[in-house]
K.L.:
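Below is the structure I would like to discuss, written out as structure tokens.
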There are 2 protein chains.
Amino acid sequence: MKEPNSPDSPLADLCRQRGLKLTGQRRTIAFVLSDSDDHPDVEELYRRAVEVDPRISIATVYRTVRLFEENGILQRRDFGGGRARYEVADGDHGDHYHLIDADTGKVIEFENTELDSLLEGIVRQMGYDLVTTRLSVVGRTKAKTRSRG
Amino acid sequence: MKEPNSPDSPLADLCRQRGLKLTGQRRTIAFVLSDSDDHPDVEELYRRAVEVDPRISIATVYRTVRLFEENGILQRRDFGGGRARYEVADGDHGDHYHLIDADTGKVIEFENTELDSLLEGIVRQMGYDLVTTRLSVVGRTKAKTRSRG
DNA sequence: ATTGCAAATGATAATCTTTCTCATTATCAC
DNA sequence: GTGATAATGAGAAAGATTATCATTTGCAAT
């Protein structure tokens with residue numbers, strides 16, 4: 001019925017690799033996530049998923065997102081605003097970080113190897129192995145002419 | 001009735017300095033916060049505040065905590081677990097950061113000037129002025145003998 | 001010290017996000 | 001294809017936070 005070489009999204013494959021049952025809904029959500037390069041919250045994911053398969057439930061999106069996070073496929077982020085936001089987890093290469101525009105709320109990703117190793121060193125010196133880094137810096141554009149707040 | 005040199009807590013003074021009306025409840029909450037060197041959530045703050053003044057309402061704690069945060073007196077933190085936790089905001093000196101023990105959930109504070117300036121530099125290079133840094137690293141004690149996770 | 005007014009409070013309802021329940025449906029190994 | 005097992009849908013429930021509104025309080029001017 002379907003050729004052996006899967007036409008599935010990278011995340012759907014990852015899902016299978018982790019031994020998770022690959023249901024239609026999970027395939028849809030995995031596709032939507034693979035297709036996203038921003039940081040959607042659950043409601044936004046639900047909206048996008050419904051576009052692909054209208055009979056999906058928001059409860060399933062919550063469930064799947066949690067499952068994917070527990071399996072290292074997704075990372076949960078908190079940028080304020082009260083709801084969790086998600087993005088595809090980084091691979092073997094270093095973490096990436098987030099700069100949040102204080103005025104617009106826009107999220108800008110960045111990487112920095114010096115930061116990677118500095119953090120790793122600090123944590124090691126404290127007697128720990130680094131598991132996760134959660135870093136977001138809030139900044140305000142210099143450009144904006146402000147009346148000396 | 002009361003001497004001019006206030007016997008209020010440092011945070012109560014700060015509250016007055018910011019032009020906020022200093023009510024009995026705010027004085028109590030400010031005292032409790034000045035007295036805390038951990039990262040209590042609202043319910044825990046409420047518990048401590050009630051010890052001082054039993055007729056305080058949890059709604060007021062929520063309101064006050066929000067007010068203090070908006071005025072730079074408190075900082076809200078998210079260490080996972082679904083509820084916001086608060087701590088007194090840093091003064092002029094550099095921010096401090098948090099290391100969270102992956103196994104116990106214990107929060108360990110640390111400072112690092114190299115990290116301060118590296119972050120400042122990165123943000124500046126991206127065209128922003130640094131407003132806030134939210135950094136928590138999750139780590140696992142090396143000591144713990146684990147069967148090669 | 002008293003008064004007046006705007007703002008804060010208490011108690012609870014309402015809201016918002018997330019999780020749970022349970023009957024139905026779909027997946028995967030055989 | 002069949003069956004056991006797990007996933008889903010829809011809505012209820014839970015947990016955290018905010019809003020409502022009548023009453024009380026702080027504070028500035030008197």
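Each chain gets a letter, A, B and so on, in the order its sequence line appears, and its residues count up from 1.
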K.L.:
Measure the angle between the two terminal helix axes of the helix from C/dA1-D/dT30 to C/dC30-D/dG1, five base pairs each, and quote it to 10°.
P.N.:
50°

K.L.:
Please report the distance, rounded to the nearest Å, between NZ in B/Lys21 and P in C/dA7.
P.N.:
7 Å

K.L.:
Over how many whole Å does the gap from A/Gln25 atom CD to C/dT24 atom P extend?
P.N.:
18 Å

K.L.:
Find the distance A/Arg26:CZ to C/dT27:C1' and express it as a whole number of Å.
P.N.:
10 Å

K.L.:
Consider only side-chain heavy atoms of I, L, V, M, F, W and Y, link residues closer than 4.5 Å, and tell whether B/Ile108 and A/Val131 are in one cluster.
P.N.:
no

K.L.:
Once you round it to whole Å, what is the distance between C1' of C/dT17 and CD of A/Glu43?
P.N.:
9 Å

K.L.:
With A/Ile122, which of B/Val137, B/Leu115, B/Leu99 fulfils side-chain contact (heavy atoms from CB on, under 4.5 Å)?
P.N.:
B/Leu115

K.L.:
What pairs with B/Asn112 under side-chain hydrogen bond (donor to acceptor under 3.5 Å, both in side chains), at least two apart in sequence or on another chain?
P.N.:
none

K.L.:
Of the options B/Arg85, B/Arg83, B/Arg77, B/Arg47, which is the one that meets B/Asp41 in a side-chain hydrogen bond (donor to acceptor under 3.5 Å, both in side chains)?
P.N.:
B/Arg83

K.L.:
Give the residues of residues 52-71 of chain A touching DNA chain D, defined as any heavy atom closer than 4.0 Å, sorted by residue number.
P.N.:
A/Arg55, A/Ile56, A/Ser57, A/Ala59, A/Thr60, A/Arg63

K.L.:
Could you work out which one of C/dT9, C/dC28, C/dT18 sits closest to the side chain of A/Leu22?
P.N.:
C/dC28

K.L.:
Tell me: CG of B/Leu20 to C1' of C/dT9, nearest whole Å?
P.N.:
16 Å

K.L.:
Are A/Leu45 and A/Val88 joined in one hydrophobic group, where the rule is that I, L, V, M, F, W and Y side chains link up if heavy atoms are under 4.5 Å apart?
P.N.:
yes

K.L.:
Could you check whether atom CZ of A/Phe31 has more than 12 heavy atoms from other residues, nucleotides or ligands sitting under 6.0 Å from it?
P.N.:
no

K.L.:
Quick check: is B/Ile56 connected to B/Ile73 through a chain of hydrophobic side chains (ILVMFWY, heavy atoms under 4.5 Å apart)?
P.N.:
yes

K.L.:
With sequence neighbours excluded, what pairs up with B/Thr23 under the side chain to side chain contact (heavy atoms under 4.5 Å, CB included) test?
P.N.:
B/Lys21, B/Gln25, B/Arg26

K.L.:
For B/Glu114, is the CD atom crowded, meaning more than 12 foreign heavy atoms sit under 6.0 Å from it?
P.N.:
no

K.L.:
Enumerate the residue pairs fulfilling salt bridge (Lys or Arg N to Asp or Glu O under 4.0 Å) with a member in residues 60-71 of chain B, sequence neighbours excluded, ordered by first and then second residue.
P.N.:
B/Glu69-B/Arg76

K.L.:
Taking any atom under 4.0 angstrom from a heavy atom of chain B, which nucleotides of DNA chain D are the first and last to qualify, 5' to 3'?
P.N.:
D/dA16 to D/dC27

K.L.:
With a cut-off of 6.0 Å (strictly less than), are more than 12 heavy atoms of other residues, nucleotides or ligands near OH of B/Tyr128?
P.N.:
yes

